[in-house]
Structure formats: C-alpha cells, structure tokens
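Worksheet: one structure, shown below.
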Amino acid sequence: MPKEIQIKVGFGDQFRDLTVRIQDDDVKPWQPGDRLNLIGQSTPRVDAVAKVTGTANYSYDQKPKGMIYGKILRSPHGNADIVSIDIDKAKKLPGVRAILTAPEIFEDESARYAGAEVAAVAADTEMQAEAALRAIEVEYDIKPHCVTVEDARKEGAPQVGRGEQVNVARISPRQRRGRRGSNSDMDERLARQEAAVGKVIQDSDVVVEGEFSTQVQTHAPLETHGSVCSWEDGRLICWASSQATFGFRNELTSNWGGVRAKSCQILSEYVGGGFGSKFSAGREGVLGALLAKEAGVPVHLMLDRSGEQLSAGNRPDSLQQMKMGVNKDGVIQGTRIRSWGTPGTGTGGAGAHNDGIYNIGEVDKIEYGVRTNTGGAKAHRAPGWPQGAFALEQMMDMAADEIGMDRVEFRKKNDEHPIRKVEYDIAKDRIKWNRSLTRNGGAEICQGLGIASNLWFSAGGGGASALVRITKDGQVEVRNGAQDIGTGTRTVMGMVVAEELGLEMNQVATRIGNTDDPQGPASGGSTTIGTVTPAARLAAFHAKKELMEIVADRKGWDASELDLKDQEVWRIGEGSTGMTFESACALMDDDAIEVLKGRPRRNYEGFSDTNAGVQAAHVEVNQATGAVKVLKVVAVADAGKILNPLTSESQVRGGVIQGVSFALFERRIMDRQKGRMLNDDFENYKMLGSMDCPEIDVVLLDVYNGKSNTQVMGLGEPPIVATAAAVANAVSDALGVRMYDLPITPKKVLEAIAKRDAAKEVPAQKKGERL
Amino acid sequence: MEQQDHSAMEHQQVFKKLSVNGEPHSVGFSVHHSLLEVLREQMQLTGTKHGCELGECGTCTVLIDGQPVLSCLELAVECEGREITTVEGMMIGNDLHPLQEAFADLGAAQCGYCTPGILMTAKALLEENPAPTRDEVVSALAGNLCRCTGYHKILEGIDWAAAKMRGDEDFRPPREAIYGDPLPGEEPSDA
Ligand code: FES
Ligand code: FES
C-alpha cells in the first residue's frame, strides 16, 4: 500500500509543495531546512587512504596461489576468415598449460577487424605465453576491408560482414524485418515526413545547414580490461576489472562461450576506470575463465594497452547533416537530420543524439549504422550525446548569428528545462559572457567564448538492495555488491547510512564490489548512486527503527518518539536522552540487527525527470600555429540532491577533461590500406594531460527533486555532453569561422583560417547545397 | 629458434640485492624482467601500477636515487646499489606523507589507478623544489596520465603538501579545493 506524503521540491528560490505517493515502508526524502550532518558536506572518499598508500588492490594486482598468465593472439588482418589454427608446436613449448581458439569457443570463424581475438594461451610466465602465441600457426582467408564510414558507404564497397549483412543499415527509425509490406509503409511515412518538415524549414525566415563529423574515441581507462580467474570445486572466483559485477557474473554462469560456471563470485573492490567500456565480461573475460578451467590453476588475463585500444571499446564516430529552419523571433520551426556512424562490425549503437536538449521544431531524422572492419564500440560516457551535442550546438550558434540574436538568448528561447533556464545565467556570469575579446580572427592570438547544454536522465531505479548490520558492540556495516569505479559510490553509500543513524563517517564500514553481497546495479547511465543510495537509506532507516524499538522496550519509552542524532538517542523535538549509540546497541539481546532492503522499484513524481547543465568555454587560438588552448570551462551542473560535493565535483571535472580531450586531441587513426589501427598506444593516441588542462569552474546546484528518498541523480555522464560542443563554439567565435570536424587539430584550424580568408576575397560566394 | 632463446632467458635467474624503501632485499628474478615486474611479482609491492608497459602513462613511476623513473622501462638487474622508493615506502612512520594526506583529503584520487605514480613524481618534485610554481607542477606531471580527476585536485594537493612540508602553517588550499566552488549567491573567498 503506497502512502501519501507532503514534500517540497525545487531549488534556489523555486520551491513548491507536492503530494507524492511513496512505498509504504519508504522514508520521506530529506527536506530543505533539515539538519543534516554529512549529506551535502564534502567528504573524502572512504577508500582514499587505501588509494594513496598503494594498498588498494585492483584486478591487475591479484595473485592467487599458483597463478599463471594468459595472453591473447589477435588477427593482424583488416578482414579475414580463420581457415585453420595449428596449435601443435605451441602446445609443446615450455610452461604452456592451456590453449584455446576463438572459433571453437565463440563458434565464429570470422576475424572481421585487425585485433579480433584468434586464440588464447595460458603459460607459467608471460614470456612463455608470448612465445606460444608466436608459435601458433593460423591460416587466414584474407578479404578486402573497409575501415572508414566513407569507404564502407561507397557503391561497390567490400562487404564488411558476412552472409546477408549489408554495410549500411537504417537504425532509426529501425528497418523492420520479416513483416511483409511494413518496410514500404515505413518508407512512405518517411517520405511524407521529409516533405512536410522540408516545407516547414523552407517556409521559415532563415535556413541554416551544415555537415559535421566526429571521430572515434577510445575509453582508455588506465587499468585495462581483464580478470584473474580461479576455479575452486566448480565455483569460479573472478577478480574482474568490471563496472557491472552482477552482469559479469551472469555472463559467466550462462553458457556464453561455454563457461557455464555452476556458481561464480565476482570481486571488483577497486577498478581503475571504465567509462562505459567495462559492462560485459567480453571475450577476454570468457577466455580468462576457460583458460583457468583448462589449466587447473588461476589465470591472470589482463589486456595489454594495444589490446585495450584495439578491442575494448570506443565511442563511435559520426557524420551528421543538419538543416534547420528558424523564424526571426528565434523560434526553431523544423530540423532535418541525417546521420551515420560506425559501431564497428555491427550496425547498432552508433546513433548521435542531435535532436535532444532543445525544442527543435518538427523533426525529420534518419539515422544509419555503418559496418566497418574496426574494433567494436561500447557505451562510452553519455553514449551518442557529446557527438550529437557538438553538431546541434554548432547549428544553434549558426542560427542565432543568422537571425542576429544573442547565442544564449536564442537557446533560452527554445529551451523549457526549468533548471537549465537558471543555469544559463550562472554560466554567462562566471565566464563573463559580455566581455570584450579579440574575436573573429582579429589578432594573431585570438580568443572566443562558447556555450552548450547538457541533458541526462539518471534518477536510478529498482535493481539494488542494501544490507545494513548493527552489532551489539556498536559496529555498523553496509553492503552492496555493485562496484565503485572511482565515482564515489562506496563513500556516498556510507554517508547515507551514517546520516540516517546519526553517526560519523568513520563509524560505518562499507563493502562493495562482491557479488556474494546484495544485488547492485551496473555503473552505467549515471544511475548507480540513484539506485544504491535509496536502498542503503531504507535499510539503515529500518535498522534504526528496530534498534529504537529495543531501546523503547527496555526503557519504557515510546519508540515512535525516538531517533538517532549526534551518536546519541534523541527524543524527537526535545533533544538527546543522553543515551549513546553504543549503549543503545548494548541493549540488544541478539548479536546484531540485520536489515536487507530493496530499492523502491519506482521513482516518485518530482521536480524534474532529467538533469540539465550548461557549460561555457573560453579558448585562445594561435592563428599562426593553429594551436588551441582551452583557458577555462565553467561547468554548471545539477544532479538532484548533491550528497557529496567532493565526489560530485570530481565527476564534473573528469567529464570536462574527457570532453576537452575529445574536442582537441583524441582520435583513432585507421590505416585504410592495411586496415589496422595505427595508434593503439598512448604515444600516438593523444589524450589530455596536465599541461593541456584548462581551469575548470564547477558550479553544483542542489535540487530537491523528490524522486527517491535520497533524491540524488548521477553525474557521470551529464558533464561530458556539452564540453566539446562549447569548446568548438568558442573556437569558431575566436576565429570567425565555423569548425565542422572534431578533433580540432592545428591542421584543421589552419585550413579553416585559409578558407575564411579566401572567402573574404570572394565576397559573393554561393552557399553550398549539400542537403 | 627464437622461441627457445626466449624461454632460455626465462631460466636465466639472477640474484641481486635491491634496496627498496630503505630496506635491503635479496631477490631472484629473470634477467630480462623490468623493475616493475620484479617489484610487483617478486616483492608483492603492487602499489606501483601497470598501465601500459610502454613508458607512456606514468602509472609505474618509482623513485631511483630520488629521481622519478618509469619502472616498466628499467631493467631490474641495473638497479643494484641504487635506492628505490615506491608508494609503499612513502608513509613517515605511521603517518601519511603530507602528499598522501592532501591527496586523500582533497579527492585527488578518483579511481586511484594513476595515484601512486603521480605521488612519486610529486615527491621527487617537492624534494628538489620545495615551492614549485603551478607551471612547474604541471610540467613535472606531464608524463603522468589521469583519465578521471581532471588534474586540479592533484595540483592543489601538491601545493598544499608543499606548504606543509615547508612548515608554512598559514597556507590553506583555496576554499573551493575543499568545499567545492562557491554556489551561486555565495561569495567566493579564500577564507
Ligand atoms: S606502465 Fe610504465 S609508463 Fe605505463
Ligand atoms: S584517478 Fe583514475 S586515472 Fe587518475
């Protein structure tokens, strides 16, 4: 039976009363004005000391007794089928304990990109394993390849996939299969939509258009993918560098790759980053588990950096054609979008979210997935959003300029988000939007400002339980089996429990990253914190209730009047009873109170279902060298209630640097002739380092959104959405010429300058008609 | 042939005296092993991380005779007679080193994988230059990648630790380093 309660929702000076129906055993969300001890205070990570002393043990660091080493052999060819694999010589080499071949394990003879897994070896030492890889003889049937979207889209391009698989497939609206007639119905509908939106655009006061492209970005966590696997009596124990312990376990107990562990424990106490790439066990996870089974001893199979870059995931590239009709009053009438992207050898998952955030009028959008002979994409921190935001935000500036409206005012005009409306002004203020700068290429060193928006959906949901235990001697522990990949989940889970029990942080032990503990979510979609913390608070609340009942019973008090605060038992509205938490615990008859609670399945009605966020960038461009330096990024972010500003801010900064890195540096470079990635390392795959790091001004808005008892939303993905778009807008502002292509390398800057200067000489140049 | 040569090398064990974190150790290892491998595999000092083994990420940084060195590129056999310091040797008795303390308090370690390497680089910097400018700190860290934090808390942590080590009791990291940037309406202050 749900119960009705009154709460206040909102932020800043915008609060309103709301009646919400919450699950009957749930606890009321914290309210503005509540006296909170820890929540909302910057609290250092509970595992910080382990991390700074080197005692934090990651998967890479595990060394169970008798452990040997696994290595993977990868195809060097852009596109091939494996005809045969001869392991006889390799088997006889010293130290070799197990060899597996990919066609046998995955029932797949194809090696459709350079880097595809072909075989795996486990041997006593790493060098012996490498020697064995070299001794494996593979016969390939080498096929022609396409490694770029451009090549794969060409008429008569070599087939990337196998069988009936075409290189280019419409993924949105999805091409239907099998139902006769439905495809032509859809085609007709799309044709009607194209005509209708085309007319809306044509009838608008002004029309802007552009073709934008973004590159492939790898996740590049500093700890690579992989695991250390050990079998004990049919039970598989796996220390995995994973951002989804339970997902990983389910893969290994399913029959995928024939692992079928009867039972399996995943341990991911410390994970060296993931950013979306570590949801699945991956082929390396399956191979590690099976090598350990076959060898009969634990196997350490962590990818090397090359394997990581080639096969462990990436953000797909994009080509986005956009055309927008806008009226002079600043209202967008309609937008036509065609986009292409490659998720590797498949077609799904390469969309670009270029139609979100703003109200962009009537939309005619078709999206295509393009197969290429490249390593597969994986969800990458706000999948599809940074690339979509890049194109969309360039269009927003182009349109605003065309109608002569301030770029921020134009955005506000087409934006209904109640939080973002406020965030624009904060961002403007902090970046000094109206300051005078040498814009438009006015000097050799010129500067510019750019602005862009975020959108995300991360209130969390069901799928987690937390266990809270209070012992007779006053020890408190909270457990959840999900992982903390650096986001701060462990710390915040502890904070929520400590707050509920009126304790200090160091009085609550936290355990995380162990699938023998209660179910937890994947660290994905920024939903972890919104999923785990309401469960933790609920469990703590009920554990407290049990303890208060014991106290009331012993003392002849009324349990409903008791609460815990400042490490003492309080009488609500009156103050401390003088009884300490420890002495309350000592009244227990049993050894401990243990409460396991699941997160309320559904979110409640609240203030806003989405996170907003606005970022503004200030850049400097050297027109002689083409070098861009991002001087400052103002990142205004909201994520429901901010539980721990320290970890929240850290997430925002991390998102911003990955966004700046995406804007200026990172890109996978493919050799079109050889069909292979050229920069499968950190030397040639340039990532932002300390010297490239801008000043980052983080502003966190505290929003009482009411959607759960902790009202928190995640903050992993939102801050990366806008950054590259804002930087690109700032570069265009500095140069007086639009940037259409990421990353913005010095070469592209110089080309854009040359084009700008040439256009100045021929003023009557006609606009290209690409769409 | 080639393969046999390699496995022969595997058996070519050497015994060396390595001085790690102020203590002498007799360690047996294969001649071709890097210092990183020997520290992690033979000596169970896994605080020093493995990020690329190519000399490109900085997670494996240790100090040799006080200088930051990428241990994945250093042959262990060449380290005899030199003083090696790893993150495990950073604490001063039972207390955290000021750098460790500042990193922990400011949240300079997010996933924490880059942290040991960065701490070693920072330690070497501060021993040579007790009051580095921001530019000097930034360029000292140029070889240490961090994919998570956004570097600021690391830089502020180093400033703070440097001040503590100089005995500059009055130094405080910028307010926002501890409490976050001021919220709208709040006065930014250095208090
Ligand atoms: S592991 Fe030595 S630099 Fe990356
Ligand atoms: S904290 Fe994760 S790489 Fe630096």
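In the text below, chain A, chain B and the rest are named by the order of the sequence lines, each starting its count at 1. Quick caveat, the model's predicted, so the values are computed rather than measured.
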Using atom types as modelled and distance alone, determine if a side-chain donor or acceptor of A:Arg653 lies under 3.5 Å from a backbone N or O of B:His152. no
Electrostatic pair A:Glu649-B:Lys153, nearest N-O below 4.0 angstrom: yes
Checking the side chain of B:Arg147 only, and the main-chain atoms of A:Glu223 only, is there a donor and an acceptor separated by less than 3.5 Å? no
Any chance you could measure B:Lys49, atom NZ, to A:Leu222, atom CG, to the nearest 0.5 Å? 12.0 Å
Kindly compute the distance separating CD (B:Gln110) from OG1 (A:Thr487), expressed to the nearest 0.5 Å. 7.5 Å
Using 0.5 Å steps for rounding, measure from the CG atom of B:Leu145 to the CG atom of A:Leu688. 9.0 Å
Between B:Cys111 and A:Val271, the two heavy atoms sitting closest are CB-O, 3.5 Å
Is there any residue in residues 680-687 of chain A with a non-hydrogen atom under 4.5 Å from a non-hydrogen atom of chain B, and which ones are they? A:Asp681, A:Phe682, A:Glu683, A:Met687
B:Asp105 side, atom CG; A:Ser42 side, atom OG - distance, nearest 0.5 Å: 11.0 Å
Any salt bridge linking B:Glu41 with A:Lys63? Criterion: basic side-chain nitrogen under 4.0 Å from a carboxylate oxygen. yes
dist B:His33:NE2 -> A:Glu126:CD (nearest 0.5 Å) comes out at 7.0 Å
Partners of A:Ala56 by side chain to side chain contact (heavy atoms under 4.5 Å, CB included), sequence neighbours excluded? A:Ala50, A:Lys51, A:Tyr58, A:Tyr270
Show me the pairs that pass ring-ring contact (aromatic ring centres under 6.0 Å, His included) and involve residues 36-85 of chain B, at least two apart or across chains. A:Tyr60-B:His50
For A:Ile657 and B:Cys146, work out which heavy atoms get closest and say how close. CD1-O, 4.0 Å
Under 4.5 Å from any heavy atom of chain B - which part of A:Thr55: neither
When rounded to the nearest 0.5 angstrom, what is the spacing between OG1 in A:Thr224 and OH in B:Tyr113? 6.5 Å
Residues of residues 71-89 of chain B with any heavy atom under 4.5 Å of a heavy atom in chain A: B:Val87, B:Glu88
